[in-house]
Amino acid sequence: MGKKDKNKKKGKGAEKTAMKTDKKLAAKQKKLIAKLGEDDIETIVAKYETKDTKSTDLTETLCAPPSARVNFSICSHPDKEEIFMYGGEFYDGQKTTVYGDFFNFNVSKNEWKILKASICPAPRSGHQMISVSTDGGQIWLFGGEYASPSQLQFYHYKDLWVYRIAKKQWEKINALNGPSARSGHRMVVSKKKLFVFGGFHDNNTSYRYFNDLFAFSLENYTWTKIEPTGTGPAPRSGCCMIACPDGKLLIWGGYSKSSVKKEIDRGVTHADMFSLTTSDDGKSFKWTSIKPGGKKPAPRSGMSATITANGKVYAFGGVMDTEEDEEDVQGLFSNEIHTLDPASHTWRTLEVSNKKSKASKSKTTPTEGADEVVPEKQVVYDDGIFTMSVGGSSKAAPKESIENESVDLGRPSPRMNSGIVGCKGNLYIYGGCYESGSRQYTLSDFYSLDLHKLDQWKILIANSLTGSEWLGSDSEDSSSDDDGDDDDDDDSDDGEDDDSEEDSTTDMDTD
């Protein structure tokens with residue numbers, strides 16, 4: 001009895017210590033925010049709130065393509081050759097900008113429109129958006145986060161919106177008992193229900209990852225928390241989630257982190273796969289662990305995935321850790337396309353011939369413990385001062401070098417958290433980000449691939465690495481608590497997923 005009481009006291013002591021630490025961190029953060037002159041996050045977000053729930057004044061205007069961004073949402077029109085994109089974030093090394101713009105891309109006309117309404121979702125990143133054919137087409141959007149310009153403050157959303165395409169109208173759906181505020185979650189539609197899984201919540205002093213599952217009925221507009229039998233995925237964000245034609249859901253991969261010692265967290269890249277099946281009456285659910293076959297992708301975070309009309313899953317990009325100790329992680333970014341047969345759970349690597357590509361072929365070496373090959377280093381961007389290289393061992397290649405050779409890959413360059421979507425027999429990939437050292441390249445390029453021919457990537461918007469200036473330091477050791485010297489004010493136009501969500505070594509949570 002005495003031992004139990006003693007252990008109980010120790011538990012209370014640990015709780016008190018944790019609470020004191022959180023309070024100290026919060027006080028320190030508050031001082032930094034005051035030094036920057038940045039408004040409280042609640043004040044910033046409040047300016048986007050409205051008592052109205054429906055828009056009545058939406059306008060469509062031809063515009064230039066979206067700016068560089070990551071952790072945005074993208075989906076196709078359920079019946080037409082059109083693609084929609086919402087939100088996202090951009091980081092220039094000093095300041096984060098979170099977007100609340102809503103775009104439509106007409107595939108046949110190759111033109112962009114920006115859709116504006118007085119009532120619409122607030123700026124965010126790390127949210128999810130899907131489309132359904134009901135009533136001339138609907139687009140559903142849930143969750144996400146708003147990061148302040150300094151990234152010292154985060155606000156996570158739990159709101160649910162629908163955009164009625166035929167009426168050109170946004171509407172906020174106020175339904176009770178839904179998921180808690182989060183970003184980096186995943187959402188799919190199956191059997192007239194939206195399914196939301198996972199994600200995370202981070203306020204810069206503490207964080208939490210989720211593995212809960214919710215369903216929203218598109219018929220009666222109610223939320224239900226699903227409690228499946230079996231052992232399901234561990235808490236994570238940024239995983240891949242697909243609704244299969246036979247009604248089952250597949251979940252694999254993702255990212256989470258946990259504390260290993262004071263002020264040091266260790267990230268975990270998940271490589272497991274699970275299937276969620278439903279009973280015939282639709283009232284009970286079951287998790288089943290899956291061991292996929294074929295040429296599996298190596299474990300990676302920030303991979304983007306979609307299922308197309310041909311019933312195949314396409315997964316692109318991502319980053320995997322190549323060096324790690326308690327304080328240093330470096331990432332190897334990918335631009336491989338993998339396909340998954342959802343019926344047999346079999347992976348294969350998709351080869352695109354790139355007949356007109358100028359990309360040079362490089363030797364490959366196997367990655368230890370993986371079923372894929374990793375290309376040797378290639379230079380994919382060189383402005384005479386800074387060279388961006390991809391592939392190869394991070395130990396063998398310096399983060400920065402001056403090289404004269406450059407390689408036109410003729411296809412999307414390596415990246416994470418890009419947007420991927422299928423539309424009328426074509427696969428589209430937009431944006432995302434790539435990191436080299438502490439420098440982040442946020443992309444605005446746009447590609448399409450004919451899934452019938454698979455002969456070459458079509459470049460709709462060329463890679464534009466020179467299009468955005470990096471204002472941060474290129475040194476790994478540049479971060480400190482003295483970042484308060486940056487006196488940028490809040491930008492009302494305002495990034496993971498989030499997400500801040502998911503960076504290869506920092507915000508990998510949200511895509």
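This chain uses plain numbering: 1 for the first residue, then up along the sequence.
- Under 4.0 Å is where a charged nitrogen must lie from a carboxylate oxygen, and between Asp92 and Arg439 no such pair does.
- The two atoms that bring Ser125 and Ser183 nearest to each other are O-CB, 4.3 Å, heavy atoms only.
- Heavy atoms only, all atoms of each residue included: Ser76 and Cys423 are closest at CB-CB, 4.1 Å.
- Looking at Phe102 and Cys120, their side chains never come closer than 4.5 Å, going by heavy atoms from C-beta outward.
- The structure places CG of Asp101 at 10.0 Å from CG of Leu115, a figure rounded to the nearest 0.5 Å.
- Across Tyr86, Tyr430, Phe90, Phe84, a single residue satisfies ring pair (Phe, Tyr, Trp, His ring centres under 6.0 Å) together with Phe72, and that is Tyr430.
- In this structure, Ile461 and Ser444 approach most closely via the heavy-atom pair CG2-O, 3.5 Å.
- Using a 4.5 Å cut-off on side-chain heavy atoms (C-beta onward), Met416 and Phe333 make contact.
- Judged by distance alone, the side chain of Arg124 and the main-chain N or O of Tyr99 form no donor-acceptor pair under 3.5 Å.
- Between Tyr255 and Ser301, the closest heavy-atom pair is CD1-OG, 3.6 Å.
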Is there a side chain to side chain contact (heavy atoms under 4.5 Å, CB included) between Leu62 and Glu111 once you walk through the steps?
CA-CA 7 Å; Leu62 288 174; Glu111 66 180 23; 3.6 Å; yes
Kindly indicate, with the supporting measurements, whether the criterion side chain to side chain contact (heavy atoms under 4.5 Å, CB included) is fulfilled by Val188 and Leu249.
CA-CA 9 Å; Val188 297; Leu249 306 184; 3.9 Å; yes
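- Atom OG of Ser448 is separated from atom CD of Gln456 by 9.5 Å, given to the nearest 0.5 angstrom.
- Cation-pi geometry between Lys257 and Tyr207 is met: under 6.0 angstrom from the ring centre, within 45 degrees of the axis.
- Separation of atoms CE (Met129) and CE (Met85) is listed at 8.5 Å; rounding is to 0.5 Å.
- Side-chain contact of Arg182 with Ser180: a donor-acceptor pair under 3.5 Å is present, judged by distance alone.
- Checked for salt-bridge contact, Arg236 and Asp272 meet the test: a charged N lies under 4.0 Å from a carboxylate O.
- With no hydrogens or angles considered, no side-chain donor-acceptor pair links Gln128 and Ser73 at under 3.5 Å.
- The only member of Leu449, Leu451, Leu340 that meets side-chain contact (heavy atoms from CB on, under 4.5 Å) when paired with Tyr314 is Leu451.
- Between the side chain of Ser304 and the backbone N or O of Gly419 there is no donor-acceptor pair closer than 3.5 Å.
- Inspection of the Asn417 and Asn71 side chains reveals an N or O donor paired with an N or O acceptor under 3.5 Å.
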Given the rule in the ring-ring contact (aromatic ring centres under 6.0 Å, His included) test, do Tyr155 and Tyr157 qualify, once you have shown the distances and angles that lead to the verdict?
CA-CA 7 Å; Tyr155 182 92; Tyr157 296 100; 5.2 Å; yes
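- With hydrogens and angles disregarded, a donor-acceptor distance shorter than 3.5 Å links the side chain of Gln153 to the backbone of Ile41.
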Candidate pair Phe200 and His185, rule ring-ring contact (aromatic ring centres under 6.0 Å, His included), full reasoning
CA-CA 7 Å; Phe200 78 105; His185 51 285; 9.4 Å; no
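- Screening Asn335, Thr442, Asp445 for a side chain to side chain donor-acceptor pair (under 3.5 Å) involving Arg415 leaves a single residue, Asp445.
- We find the CD1-CG distance between Ile337 and Leu454 to be 10.0 Å, quoted to the nearest 0.5 Å.
- Judged by distance alone, the side chain of Gln440 and the main-chain N or O of Glu435 form no donor-acceptor pair under 3.5 Å.
- Formation of a donor-acceptor pair under 3.5 Å by the Thr339 side chain with backbone atoms of Leu350 is not found in this model.
- Put simply, the side chain of Ser413 does not reach to within 4.5 Å of the side chain of Tyr434, judged on heavy atoms.
- You'll find the side chain of Met320 stays beyond 4.5 Å of the side chain of Ser334, heavy atoms only.
- Ring centroids of Tyr91 and Trp470 are separated by less than 6.0 Å, placing the two rings close together.
- Annotation: side chain of Ser150 is not in contact with side chain of Lys95 (no heavy-atom distance under 4.5 Å).
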Side chain to side chain contact (heavy atoms under 4.5 Å, CB included) assessment of Met303 paired with Trp252:
CA-CA 10 Å; Met303 175 183 278; Trp252 71 93; 4.2 Å; yes
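- In summary, of the residues considered (Ile139, Ile130, Thr306), a side-chain contact (heavy atoms from CB on, under 4.5 Å) with Cys75 occurs for Ile139 alone.
- Looking at Tyr428 and Lys458, their side chains never come closer than 4.5 Å, going by heavy atoms from C-beta outward.
- With hydrogens and angles disregarded, no donor-acceptor distance shorter than 3.5 Å links the side chain of Arg208 to the backbone of Asp202.
- Between Phe105 and Phe446, the angle of the ring planes goes over 60°, which puts this pair in the perpendicular group of the 30/60° scheme.
- Under the 4.5 Å side-chain criterion, counting only non-hydrogen atoms from C-beta, Met241 is in contact with Phe195.
- Side-chain atoms of Val319 and Arg300, non-hydrogen and from C-beta on, never get closer than 4.5 Å to each other.
- Summarising the geometry of Ala122 relative to Tyr48, their closest heavy-atom pair is CB-CB, 3.7 Å, with the distance given to 0.1 Å.
- Note that CD of Gln94 is 12.0 Å distant from CD of Gln151, once rounded to the nearest 0.5 Å.
- The two residues Gly422 and Thr308 come nearest to each other via the heavy atoms CA-CG2, 3.9 Å.
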Do Phe274 and Ile290 pass the side chain to side chain contact (heavy atoms under 4.5 Å, CB included) test, and can you show the C-alpha distance, the side-chain angles, and the key distance before you say yes or no?
CA-CA 5 Å; Phe274 296 86; Ile290 301 294; 5.7 Å; no
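- Between the OH atom of Tyr209 and the CG atom of Asn211 there is a distance of 13.5 Å, given to the nearest 0.5 Å.
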